[in-house]
There are 2 protein chains.
Amino acid sequence: MLKGVSSVACVGGGVIGGGWIARFLLSGLNVRVYDPHPEAKRIVGEVLSNADRAYGLLTMAPLPPRGTLTFCTTLQDAVADADWIQESVPERLDLKKRVLADIDAAARPEALIGSSTSGLLPSDLQTGLTRPERLFVAHPYNPVYLLPLVELVGGRSTAPETLVNAKAILESIGMKGVVIDKEIEAFVGDRLLEALWREALWLIKDGICDTETLDDVIRYSFGLRWAQMGLFETYRIAGGEAGMRHFLGQFGPCLSLPWTKLTDVVDLDEALIERIGVQSDSQAAGRSIRDLERIRDENLVGILHALQAGDAGAGWGAGKLLTDFEQKLWSRATPPTIDLEAATPLRLIDTRVNAAWVDYNGHMTEHRYLQVFGDTTDALLRLIGVDMAYIEQGHSYYTVETHLRHLGEAKLGQSLYTTLQILSYDSKRLHFFTHIYDLATQCVIATAEQMLLHVDMVSGRTCPAADEVLARLAPLAQRHAVIATPEGAGRHVGQKARQ
Amino acid sequence: MLKGVSSVACVGGGVIGGGWIARFLLSGLNVRVYDPHPEAKRIVGEVLSNADRAYGLLTMAPLPPRGTLTFCTTLQDAVADADWIQESVPERLDLKKRVLADIDAAARPEALIGSSTSGLLPSDLQTGLTRPERLFVAHPYNPVYLLPLVELVGGRSTAPETLVNAKAILESIGMKGVVIDKEIEAFVGDRLLEALWREALWLIKDGICDTETLDDVIRYSFGLRWAQMGLFETYRIAGGEAGMRHFLGQFGPCLSLPWTKLTDVVDLDEALIERIGVQSDSQAAGRSIRDLERIRDENLVGILHALQAGDAGAGWGAGKLLTDFEQKLWSRATPPTIDLEAATPLRLIDTRVNAAWVDYNGHMTEHRYLQVFGDTTDALLRLIGVDMAYIEQGHSYYTVETHLRHLGEAKLGQSLYTTLQILSYDSKRLHFFTHIYDLATQCVIATAEQMLLHVDMVSGRTCPAADEVLARLAPLAQRHAVIATPEGAGRHVGQKARQ
């Protein structure tokens, strides 16, 4: 349940609507969908399956239980009980106005209504509504389940608190709502995109380069810059110590040179469409749309992870947003449903082998096994009360010793889980044994025996753990003491296996 | 020595010239610089120090010994013996023409001459040269030492083989030369940038949003897409299974809507410059240009690393380019200067703690220690002949067991090195002990004892290593046998330290 939103309706379930549906469901919200298109279920299903895969790679943080997806046969049935209704029908003013009027009539008075329009004015969309004050533009970017941006644009009758609420709700599901100060057609992102697109079409039409060269120009240069900073911050750096104002003073004159063809609209005639089609086919080199989607999503996940490490680990841009979201997920996670009374090892982590974790053969690289063991350790520590708040007070457990055995191989996409058994502990020491299992076969893939020490992070010296931590540890260790010592514990490297 | 290029001259050493100088030096080329600007040495020094830091994070591959940097007092002295001369003086046609004529007169007849111009036509630049056929535009992007793109544009008199050679030379230093088919002012990249920039200035001038919002719109949405694919490939995916031609047919009509202000040139007057200056200052939140450069470079490195993992580990876009470059570096690296006759552990890896390796406290995360140990293992394997070619024949060593001890902490930017001692081996087994040292203090930070098995990768079973591998291993192991067994070898987890 997120800041007053517990159920959502999506009217229109194409690529954009489907992306919204996936975001909402994965955030634990129930979603009711209305889309009369005969293929709607298939399209939404495909987007959901991509989103599932991408989210599996994106974060290890505990997602809330997934919401329920319901396809409704009438718009009224879909929207009647929703707190947020997102309209994503085709981009025609008359159609959108009719659908929004139906939504407005059927929705609860306090429900928010967002439109996914990429170009129409909210003032035009809200004309004639009974409650126009709750209508706003919420314009996302494809793939909606991975790209965090939503442009929030109000019309003449939109209440200011509508946008404030919408922004807070988006934040609670890991998205970045930015409020655009004045409404204009196509808002900010699509204005920028259209300007560039128009110029790109001229470059192809005039035979200056082909589509692959144009894409290469972007992705080997400013595309890499723009993933992290935008236009102005990049130019601020380019301007150097002389400053932004000096830079602009120099840059200004270039604008009046007759460089661009932007004063003319490209005639996107059949010949140009065919030329671009042929070039694009050759560029894709036989990769299907599904292949390209998979590659795109894995790259987006990798870039987001890289940005999480930005600014010396503090996180930068979309990476910092993801880290903040993950911290929220951890803080509001219901404790894992672990049977603390059972005399069995604790099952702590379920994960999947990420694209960034494998070598060119598709095998998980050696150090990623230790990453999975480390995540398991973190889960145990949270369970006994060594969480963010505890660490911020200056104490933590540090690993001092690890013994790893590789008994099988993990490959890209494979599902894994870990179990942990406490071997011994005292006020300063914590000694346990972890297994990584393959989910499908239940075979052991790797084991780790680890020793941790409780430390004062300021002095760097060991010290006793807090009483409440030891109090949580004690009953766990007691139950684990009756389990047989795992095969492999107490081994040194090269020791012969027990017969 | 790279494909016929061994020495380079750079005329002009500002931010762009300095970036070229850094790229060339780090690729092992000697660079002679001519720049009469009184601050030239300082500016080049600052760019070089950024480049050093970034390259230290970017790759573990063995860079060739750095070239020699020489500042010359005359242009003639700088260019006389160069194979490639790169001109990066201010963007004025008369000045560039004068400088290029001087270069043309002083250079060897077969030397290539590249101009860093971001907008002038190569046909205009080459008019009046004695040997215009070797003049071309080589337009890079800032920071030149990290962004791989170079637009290669020939003029009317440029010989086709000039561009072919230039592209090959750029490839040999890890850059991506793309040939633009027809010359136009501003080529492809700056055309696209200018179109977007012009629109951006209108959005700020009209008060639609501020600079921070505009940057956020880019970096939380299409900037993330463009780092990996460009414009057309992204839209190919957006078009879905209906295909690129269908997508264009739908997109076309939007272009004629009166959305953009692109037909007018923005008057970049003092009021607008001041507005952007104020907004940009607030956005930077007190970060200096040096801070922003560091953050940008670390993010670029992280994004490039993420893209190296793309397409299921095969590498994608700029990441694949980096992987290909690293393979070239490994293949042409002179064997490490390791004294195989000495009875001391082998010093195999020198590295620095990468921004992507640290947690929010700036400490190296646990599994990254194992990554450094793994890199050390790879270096040993290459030394005994288990290289790419050997692995492609279906055999390799797999790690089966590892014992790690953490004795100190590694932090962001810290320099580390590793040493390895072979403890024992037979035809199938390889058992060794590795230390990670802090370079500054020579203190041990971590140790690993590891057991590897030689395997047939197809059957997954152990098998004897090739005779030539064992023949390289034998004398090493023999020498290491006389060194004392390292403290910590043969330990199991939790074992008391020896007194």
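Since this is a predicted model, take the numbers as computed values, not measurements. Order of the sequence lines fixes the chain letters, A, B, ..., with proteins taken first and strands second; residue numbering starts at 1 for each chain.
For chain A, the nearby part of B:L203 is the side chain; its heavy atoms alone come within less than 4.5 Å. For a residue to count as touching a neighbouring chain, one of its non-hydrogen atoms must lie under 4.5 Å from one of that chain's; by this rule A:V178 touches chain B with the side chain only. Heavy atoms of A:V179 lying under 4.5 Å from chain B belong exclusively to its backbone. Within the 4.5 angstrom heavy-atom criterion, no atom of A:L407 approaches chain B. With a 4.5 Å cut-off on non-hydrogen atoms, A:I273 touches chain B through its backbone and its side chain both. The part of A:E151 that comes within reach of chain B is its side chain, from C-beta onward, which places non-hydrogen atoms under 4.5 angstrom from that chain. Residue A:R294 touches chain B through its side chain alone, counting heavy-atom pairs closer than 4.5 Å. In this structure, chain B has heavy atoms under 4.5 Å from both the backbone and the side chain of A:D281. Heavy-atom distances place both the backbone and the side chain of A:L192 under 4.5 Å from chain B. Heavy-atom distances place no part of A:F373 under 4.5 Å from chain B, backbone and side chain included. Heavy atoms closer than 4.5 Å to chain B are found in the side chain of A:E409, but not in its backbone. Looking at A:L304, the atoms closer than 4.5 Å to chain B (heavy atoms on both sides) all sit in the side chain, from C-beta outward. Neither the backbone nor the side chain of B:L146 comes within contact range of chain A, judged by heavy atoms closer than 4.5 Å.
Each of B:L300, B:L370, B:I218, B:T402 has some count of heavy-atom pairs under 4.5 Å with chain A, and the biggest count is that of B:T402. Between chain B and the residues A:R225, A:M175, A:Q283, A:Q279, the largest count of heavy-atom pairs under 4.5 Å involves A:R225. Contact count versus chain A (heavy atoms, under 4.5 Å) is highest, among B:I204, B:V301, B:I303, B:L193, for B:L193. Counting heavy-atom pairs under 4.5 Å between each of A:T234, A:T377, A:T323, A:L307 and chain B puts A:L307 at the top. Contact count versus chain B (heavy atoms, under 4.5 Å) is highest, among A:V493, A:L292, A:L147, for A:V493. Here B:Y141 is the residue among B:Y398, B:F187, B:Y141 with the most heavy-atom pairs under 4.5 Å with chain A. Per-residue counts of heavy-atom pairs under 4.5 Å with chain B were compared for A:I276, A:T213, A:L321, A:V372; the largest is that of A:I276. The residue among A:C209, A:G374, A:S424 with the most heavy atom pairs within less than 4.5 Å of chain B is A:C209. Chain B forms the most heavy-atom pairs under 4.5 Å with one residue out of A:V150, A:I184, A:I180, A:T399, and that residue is A:T399. For the set B:K182, B:R245, B:E233, the entry with the most heavy-atom pairs within less than 4.5 Å of chain A is B:R245. Across B:E212, B:M244, B:Q308, B:H403, the residue that shares the most heavy-atom pairs under 4.5 angstrom with chain A is B:H403. Of all the listed residues (B:P140, B:A238, B:G317), the one sharing the greatest number of non-hydrogen pairs under 4.5 Å with chain A is B:G317.
With hydrogens and angles disregarded, no donor-acceptor distance shorter than 3.5 Å links the side chain of A:R296 to the backbone of A:D291. Between the side chain of A:D215 and the backbone N or O of B:M229 there is no donor-acceptor pair closer than 3.5 Å.
A distance below 6.0 Å separates the ring centres of B:H406 and B:Y369.
Ring geometry for A:Y235 versus B:W197: interplanar angle over 60°, hence perpendicular rather than tilted (30 to 60°).
Between the side chains of B:Q450 and A:E366, a donor-acceptor pair is found at a separation under 3.5 Å. Under the 3.5 Å distance criterion, with hydrogens and angles disregarded, a donor-acceptor pair is assigned to the side chains of B:E449 and B:H431.
Rounding to the nearest 0.5 Å places CD of A:E194 at 7.5 Å from CZ of A:R191. Rounding to the nearest 0.5 Å places CG of B:L423 at 8.5 Å from CE of B:M451.
Ion pairing of B:R405 with A:E401 is absent here, as no side-chain N (NZ or NE/NH1/NH2) approaches a carboxylate O to less than 4.0 Å.
Residues B:P143 and B:V15 have side chains not in contact (no heavy-atom distance under 4.5 Å, counting atoms from C-beta outward).
Shown here are the salt bridge (Lys or Arg N to Asp or Glu O under 4.0 Å) partners of B:D210, two or more places apart in sequence or in another chain: there are none. Looking at residues two or more places apart in sequence or on another chain, you find a salt bridge (Lys or Arg N to Asp or Glu O under 4.0 Å) between B:E293 and B:R290.
Cation-pi check for A:R219 over B:W316 is met; the charged atom lies under 6.0 angstrom from the ring centroid and within 45 degrees of its normal.
Looking at every heavy atom in both residues, A:L149 comes nearest to B:D216 through CD1-O, 4.0 Å. Closest approach of A:S280 and A:T211 over heavy atoms only: N-OG1, 3.7 Å.
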